[in-house]
Amino acid sequence: MPGRVVALLAKIGKWVAKGTPLLILEAMKMEHTITAPGDGVVQDFYFSAGEQVNDGDELVDFAAE
């Protein structure tokens, strides 16, 4: 869904466990916490805090382990 990235919570290159909060997205006047889909490493974020995102945009480059 379209919205705005509020905060990036995870560190690039760091291992995270399934369910770890990665970023916060504000959409439809609500904040949504995007979590890790599984254990793995955050390779990169495609947007910075404060940037607008569109429906279907990929937000995180995540490598599952």
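The structure presented is a predicted model; accordingly, all values stated were derived computationally and were not measured.
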Any chance you could measure [X], atom [atom1], to [Y], atom [atom2], to the nearest 0.5 Å?
| X | Y | atom1 | atom2 | answer |
| --- | --- | --- | --- | --- |
| Leu25 | Glu31 | CG | CD | 9.5 Å |
| Thr35 | Leu23 | OG1 | CG | 9.5 Å |
| Tyr46 | Asp57 | OH | CG | 11.5 Å |
| Lys11 | Leu22 | NZ | CG | 13.5 Å |

Joint cluster assignment, Ile24 & Val53, ILVMFWY side-chain distance < 4.5 Å: no
Hydrophobic cluster membership, Ile12 vs Leu9, 4.5 Å side-chain cutoff: no
Do you know which two heavy atoms are closest between Leu8 and Ser48, and how far apart they sit?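 Nearest heavy atoms, Leu8 then Ser48: CD1-CA, 4.3 Å.
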Given the rule in the side chain to side chain contact (heavy atoms under 4.5 Å, CB included) test, do Phe62 and Val41 qualify, once you have shown the distances and angles that lead to the verdict? CA-CA 6 Å; Phe62 185 81; Val41 176; over 6 Å; no
Any side-chain to backbone donor/acceptor pair from Asn54 onto Pro2? Under 3.5 Å, distance only.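 Not confirmed, Asn54 side chain does not pair with Pro2 backbone.
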Looking at Gly3, is its backbone amide N or carbonyl O close enough to the side chain of Gln52 to form a donor-acceptor pair, meaning the two atoms are under 3.5 Å apart? yes
Quick one: are Phe45 and Leu59 in side-chain contact, heavy atoms under 4.5 Å? no
